[in-house]
Undergrad: 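Structure in structure tokens, see below.
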Amino acid sequence: ARTDLVLGMQLEPPHLDPTAGAAAAIDEVLYANVFEGLTRIGPSGEVLPALADSWAISDDGRTYTFKLRSTVKFHDGTDFDAEDVKFSLDRARAADSTNAQKALFAAIDTVEVVDPVTVKVTLKQPQGSFLYNLGWGDAVVVAPESAPTNKEKPVGTGPFKFDNWAKGSAITIVRNPDYWGEPVALDRAEFRIVPDAASQVPALLSGDIQAIPNASIGDALPQMQSDPRFKVVLGSTEGETILSTNNKKPPFDKLEVRQAIAHAIDRKAIIDGASSGIGTPIGSHFSPANKAYVDLTGTYPHDLAKAKELLKQAGLENGFSATLKLPPVPYARDGGQIIASQLRDVGIDLQIIPVEWADWLKQVFTDKDYDLSIVSHTEPNDIDIYSRKDYYFNYDNPAFDKVIEELNLTSDEAKRTELYKQAQKILADDAVNGFLFELPKIGIWDAKLEGLWENSPIQANDLTKVKWLD
Amino acid sequence: MIAYLAQRLLVAAATLLAASLVVFAMLEVIPGDPARLMLGMNATPDALEALRNEMGLNDPLPVRYLDWVAGMAALDFGRSYTYSVPVIDLIVERIVVSLPLALISLALSVVIAIPAGAFAAQRRGRAGDALSMGAAQLGVAIPNFWFALLLIYLFAVWLRLVPAGGFPGWSAGIWPALKALLLPAVALALPQAAILARVTRSALIETLGEDYVRTARAKGLPFGTVLWRHALRNALIPVLTIVGLQFSFLLAGTIIIENVFYLPGLGRLVFQAITQRDLIVVEGVVMLLVATVVAVNFLVDISYAVVDPRLRAR
Amino acid sequence: MSLLAIENLSLSIDETPILKAVDLSIEPGEVLGLVGESGSGKSMTALAVMRLLPDAAKARGSIRFDGTDLLKADEAAMCRLRGDDIGMVFQEPMTALNPVKTIGEQVAEGIRWHAGASRAEAEQRAARMLDRVGLPSQKFPLSRYPHQLSGGQRQRVVIAIACALKPKLLIADEPTTALDVVLQAQILELLRELVAESRMGLLLISHDLAVVTEMSDRIAVMRGGEILETGETAKTLSAQVHPYTRQLALASMHVPAGRRISSSLEGKVPPKAAEGIAEGWRGAGKTTPESGFESWRTAARTASGPSGHLPFEGGEDVTPLLSVENLRKDYPGARISLFSKQKPFCAVDDVSFTLAPGRSTALVGRSGCGKSTLARLVLALERPSGGTIRLEGEEITGKSEAELLPARRAVQIVFQDPYGSFDPRHRVERLVAEPLGLLRPAPDRAARRELVAEALHQVGMKPDDMQKYPHEFSGGQRQRLSIARAIITRPKLVVADEAVSALDVSIRAQILDLFSELNRTLGVAYLFITHDLTVARAITDEVLVMHEGRIVERGQTAAVLDHPRSEAARALVAAAPDLRRAIATKMREQG
Amino acid sequence: MTYLPSAFIPRDGLSAFLARALASRSFIAGFIVTALIALMALVSFFWTPDDVTKLVVGDRMLAPSAAHWFGTDHFGRDVLSMIMVGSRNSIAVALVAVGIGMGLGVPLGCLAAARGGWLDDFVMRFNDVVFAFPALLSAVMITAVFGPGAVNAIIAIGIFNIPVFARVARAGALAIWPREFILAARAAGKGKTRITLEHVLPNIATLLLVQGTIQFALGILAEAGLSYVGLGAQPPMPSWGRMLFDAQTRMMVAPTQALFPGLAIMITVLGLNLLGDGVSDALDPKLRRRR
Ligand SMILES: Nc1ncnc2c1ncn2[C@@H]1O[C@H](COP(=O)(O)OP(=O)(O)OP(=O)(O)O)[C@@H](O)[C@H]1O
Ligand SMILES: Nc1ncnc2c1ncn2[C@@H]1O[C@H](COP(=O)(O)OP(=O)(O)OP(=O)(O)O)[C@@H](O)[C@H]1O
Ligand SMILES: [Mg+2]
Ligand SMILES: [Mg+2]
């Protein structure tokens, strides 16, 4: 059977240190393949042991004692031991840390080396998700010797070693012969950057690339689905695609206006036109995959008459014009045109301004210099952003803030679910943003390829179980 | 001759200098703060300021310009804002794709165009002429990216003869690498070949009307021999000019074609860098491309003198 | 059997008949001159022999060369003949050589091709041939490129190519038109030698009757694609059986009325020819009443003092119209290296002369001696590097364009190329009216129109011609327009730079008459730049001989041309073809 | 030392030019095609088969049919209408860009030829600098600085046209200046400006016309290229290049979507090139098929 694999990915990582950057592309290459943490997260989101063979939790839930594997070596040949774990965790939570997810470690009080294969972590207060947190890519273990150079030349403990990074083109990893665990089936894997549908489709069809776990192939989907050479897996992501609205900028500060927009939007057309018909409509900022999800898409049904009525109430019966800044992603650029067309039907005239990501981050996200925008918020469970004071929606609702505050203090699952539902409802009623749809995840790979994750509980391409069938 | 070369060299250097001013001035206007780009959204103002200082972004413009030019002269193009590696490394990585691509397509276009042009000129007014020039007309009119798409779907997707795109790297072997460059080279070369064939034909027809062609025929040389021995070399000056111009077109053409075939070449590097506001990379690559164009023009100037002894006298 | 026998050759291009039943023959060692005005089909006849006609041309009849019919031969057979048995020298030496190949390569090429000689051998033979035509390889190595040779030298290379394999027949199509008279004489001499040496047949094509007369044993006169007359040169020209032959001869020797006497060779012209000339004059002289011209001449003579005195010596009483003192013009040298330039080239070198009002002066000299440059200086179209130019006593050097207006009104120019001197996109009215902007106050539309009409009338054109474009006129008519433009501001001096050299002999005769008449009626003075001594003799009173930027001789036209004193003038006079002299010589030779 | 058609002056007037032009097959074919495209653009102002501002997502990617001759795009817009409206954009961008190039380049070239000396050197060096930038690269840079959009595409393409026209005008004017009729005009006391206006410009106008059609064709290609990489006309304004970009991902599903805009570009450019060929054929049969 073949032992090589070329995997397509959309975005190139800015560097290769998962403990120093938020970009998902870093984890997509390195997580579980090159770097490992104490624990790891499995294909269905479960916590599995990794560098920690086992662990014991004290009764008060504050002390975790990890038993480490003893035969582990870093790729540069140095030994892995408890010191490395302490170094990694301390580095991640240090004041000057550049870790993108410092919150993951916020609960840690101390990290102690008991012996070379034992580490004791004490928390400030109990944290149910602690083991899960340690499974994140941002929590992988690095060696003090190689940590400063990981951005260019990552050195981890995983079953693959970093081989080469041809900037702008591809990153190659090769099998680590000295791996402590079960050896992998692949000899080498290349993560090739194929940015858009235009390149992904022919690359797949011609066999240049054998898998794109997170593809954007647009309207070629039905064709790929009917092609027996490929396996197409549709899943969901944590990406709520929304029509971001500047809630402080007139006339969007008027509830009626936002409601009018909500009524004017036809989610089905948007999903059809901007996402090839796949994607779940949402009525609030919450993932349908979450068990606390409530379907609020009926809050403001597609109703032009109602929309016009509301605009009239807002004193804007003649409509108004505004700008729509679109980042360079197909769902935004295509969706933007559809929304512009839909809003024009109720008299809102949108001027489309396409911007690059750098400009989007500056103009929209940082400077809040925008009226409307379209973007997908892919962080899981991020409804709390609506309570952040300086967030770019400029949304301020004390009632909502109270719900989030309470949520932070609550650990009872049923209660939490209830609070989440409340929060969703508030956002939906306030029509804070235009809630469009949940971004679909399309995975496509060669039908003879086995072992790729069908869902992605975290953004990673775990290749440890991947192999060719023939 | 020496004087001529020295003069061309001086002109080339002055052109480069002027171009560097233009590039610098233009990119200074681009919105976006490189320091923020490098540090990300959550950076503190202090860190930003420190990095700006370190990168020399707070220096007065003339100082920055001089630093930049002096650096380039020493092949130090600065550090990429997005990749945090020296720009020269990025360039070296990419140039092994772009340069072969440009050269292959140039060679391809010359190899197709000159015989085709000569063929048409020899059969002026006959079916062969009409046919090849008709094809050339079409070739000139086809947008190369569209042509590239057609090629991909024909040769890569349906016939599966060559990859649809991407570049395995020269380390994967000469043949796979060449195979990956084949379609892009054809897509780039064919429209250029069409132009060149037309130029060759008309230059040849023009020279065939010259008196010395008649003199040569009066010596008893057959028409075909006269065309190859006497007319072609004289027709070469316009052909060379166009070849020189085409190199510049090919370099620019790679921006689009490398995007179509997602080749990791300079064109895509500069395109990406522009969208990511990685100015220093843009500046470096643009200057490199400009320098290449200037160098090629210089070579063309020299080759004029090789072809035409009258110019050697200067 | 003749070497070449053309029988009943007809030729048409795109249905337009070009040649009509041409018959010609050449014996070995014979020189056949083919004369006729421009466009009469001389070149086409030659190209038909070479089978190098334009693609669209269709030839019928027969051309037998050494027994084979060339019109029926296939291309391969022709390739074998061309360059080997038939050589051809083309009209333009400047462009007849491939600029990117050395002269050695170009001469050797034919030798290698036909004789199958090795490169070294062929080059040796090429060197011998070049030596033969006066380009010894010590001074002109085979590795020279054409641009490193002068026009005359290039023409020698072309002849070397044509004669490299000692062809049986050489066709020379206007082999000297682009050369000046001195070079022309040399080339003709060379051709003569080559013919004598190997009994080669020579078909010499020219529109210059004098050249052909001098060179050829037999002569064929062509017009409108037909051979009008063939025969022994002397007989044909003296008998002038065909009226056209007579017309051609007359026009070639034409002198506006009253000027003939100035030739010292007068007595040597065969009586018949002289009579013919006189008759022809009467026949063609409708445009120029001779009496008027004569009376003006007398008046002019009186004004400038006793005959025989040069006006600039004896005319102190008259303010000179133009006086030029120590005039010089340097052209910056070409850059030879980054830091140094060639020495400036001095095109006009310390020239002084004066022109009296109403008189005509010739400026003659070899090609490139600085005549046109001097003209441009006089017209203030270029700034002199030194010296002064005075027009009616007023200095015009160093004046601004606005201050020059009066001077521009007083001096106008007629150019050599009757076509090139008109913007093809303007109508005659606008073209001729162009200098009217010089008048103060500028005339209004109606006045302009009237002035243009008058000027056209003066040059013998109709007022309706105003609405036409230049291309709608013949060469002679265009030259008339050009003159009309020059005289419309009533200038005192007209500079004519090679104003008739591009014209056919017959048209040239008309224009010369026109110049004379205008001189008489309007009192215009001329500075007549020409390399053609016949022209100088025909219409000027005095002559300036220029050589390498300097005026080397001046005096009354007849005196200078008959008894040249300076070396340069002597060379010019000796080389100048002269029909009368040529006929006389031929008469003696052929009895 | 660049190769350009030497200036030429037709040996006769306009009527003869037209007669020869009408005898040239290139000219007729080119003229018809160009006229049809221009007509299409004009008609699109008053009438299109369908409204291109209206997105009917339900009708997306229909194959060509009686209702939609060229099918519909991924937003359910009628492709024929898009092509019609898109032609406006292509023509406008190319035309204005050529206008900029001519408007600035021709005076520059004429000035350089008339004045000579350092001014000439300066203009030529300026040309060198602009030519040193690969055309599309400078366009990409300009649109990167000033943002993507039709106006900036015009500027980008226009700037590159300046030296082209400057060069052609200069070469043409340099060939006119030594001619005797210019000398005659100077002898008639006319200044350089007047001579340039009265004699030089009219005589190089045809040369500029030929170059104009070539640059126009190149401009259409360049605009399509820029739009294709997303730097030209912005949605919702239909543009041929953008249509191709949108269509390429759907090549396999709806191949006609990529076919028609590509053909539109090709035919337009072909038409213009033929027209240019025809004009130069008619101007001077010896100057045939330069490009
Ligand atoms: N390629 C051509 N196509 C059509 N007509 C031509 C062509 N070449 C020459 N002619 C015509 O053929 C006629 C004869 O031309 P030819 O060149 O033989 O004249 P010529 O006697 O040599 O004149 P000149 O003294 O000016 O050289 C002219 O009327 C000319 O217009
Ligand atoms: N603009 C110029 N720059 C440099 N040299 C020039 C220039 N114009 C003329 N010359 C040179 O000056 C000399 C005289 O030229 P001019 O044109 O006056 O000669 P001419 O006597 O009119 O010759 P022809 O009989 O051939 O017309 C020539 O050697 C020529 O090469
Ligand atoms: Mg001739
Ligand atoms: Mg002259």
Side-chain angles (χ1 to χ4, degrees), chain C residues 372 375-376 378-382 400-427 430-440 442 467-473 478 481-482 485-486 488-489 491 493-495 497-499 502, chain D residues 1 3 6-20 23 110 114-118 120-121 172-209 282-286 288:
Chain C
S372 299
R376 285 197 298 275
V378 166
L379 279 154
L381 292 176
E382 219 161 317
S400 75
E401 202 57 41
E403 294 166 318
L404 274 175
L405 288 186
R408 291 226 181 284
R409 198 157 51 224
V411 187
Q412 279 293 319
I413 183 162
V414 178
F415 292 101
Q416 168 171 10
D417 178 0
Y419 196 84
S421 62
F422 288 109
D423 189 332
R425 283 166 199 281
H426 292 181
R427 286 177 203 276
R430 187 163 172 197
L431 289 168
V432 171
E434 191 157 38
L436 289 179
L438 292 167
L439 299 184
R440 291 287 173 277
Q467 295 312 315
K468 294 188 184 163
Y469 285 97
H471 73 267
E472 295 171 67
F473 296 93
R478 277 186 215 128
L481 293 177
S482 175
R485 172 171 60 186
I488 196 166
T489 56
L493 173 66
V494 168
V495 177
D497 188 358
E498 310 272 18
Chain D
M1 215 182 317
Y3 179 76
S6 52
F8 49 85
I9 295 178
R11 309 256 172 279
D12 39 32
L14 188 69
S15 52
F17 165 74
L18 279 180
R20 267 201 314 270
C110 285
R115 296 292 295 273
W118 67 267
D120 189 20
D121 279 343
L174 278 181
I176 300 288
W177 272 100
R179 298 189 58 126
E180 287 192 334
F181 64 80
I182 299 285
L183 227 47
R186 288 185 57 206
K190 290 193 171 150
K192 289 191 166 165
T193 320
R194 273 193 75 181
I195 291 180
T196 299
L197 289 178
E198 285 180 20
H199 293 292
V200 178
L201 266 182
N203 277 303
I204 61 172
T206 43
L207 195 63
L208 295 173
L209 183 71
L283 284 173
D284 187 350
K286 271 168 70 187
R288 222 158 229 170

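Chain identifiers are assigned alphabetically (A, B, ...) following the order of the sequence lines, protein sequences preceding nucleic acid strands; residue numbering begins at 1 within each chain.
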Undergrad: Measure distances from C:R409 to the heavy atoms of chain D and classify the residue's part below 4.5 Å as side chain, backbone, both or neither.
TA: neither
Undergrad: Using a 3.5 Å distance criterion without hydrogens, assess whether the side chain of C:R408 forms a donor-acceptor pair with backbone atoms of D:R186.
TA: yes
Undergrad: Please rank C:L438, C:L381, C:L379 by heavy-atom pairs under 4.5 Å with chain D and give me the top one.
TA: C:L381
Undergrad: Under 4.5 Å from any heavy atom of chain D, what part of C:F422 do you find: side chain, backbone, both or neither?
TA: backbone
Undergrad: Which heavy atom of D:A184 sits nearest to which heavy atom of C:S421, and what is that distance?
TA: CB-O, 4.2 Å
Undergrad: If you take all heavy atoms of C:P435 and D:A188, which pair is closest and at what distance?
TA: CA-CB, 3.4 Å
Undergrad: Measuring from atom CD of D:E198 to atom NE2 of C:H426, what distance do you get when rounded to the nearest 0.5 angstrom?
TA: 6.5 Å
Undergrad: Nearest 0.5 Å please: distance from the CD1 atom of D:I195 over to the CG atom of C:D423.
TA: 10.5 Å
Undergrad: Are D:L183 and C:I413 close enough that some pair of their side-chain heavy atoms sits under 4.5 Å apart?
TA: no
Undergrad: Quick check on C:E434 against chain D: is it the side chain, the backbone, both or neither that has a heavy atom closer than 4.5 Å?
TA: both
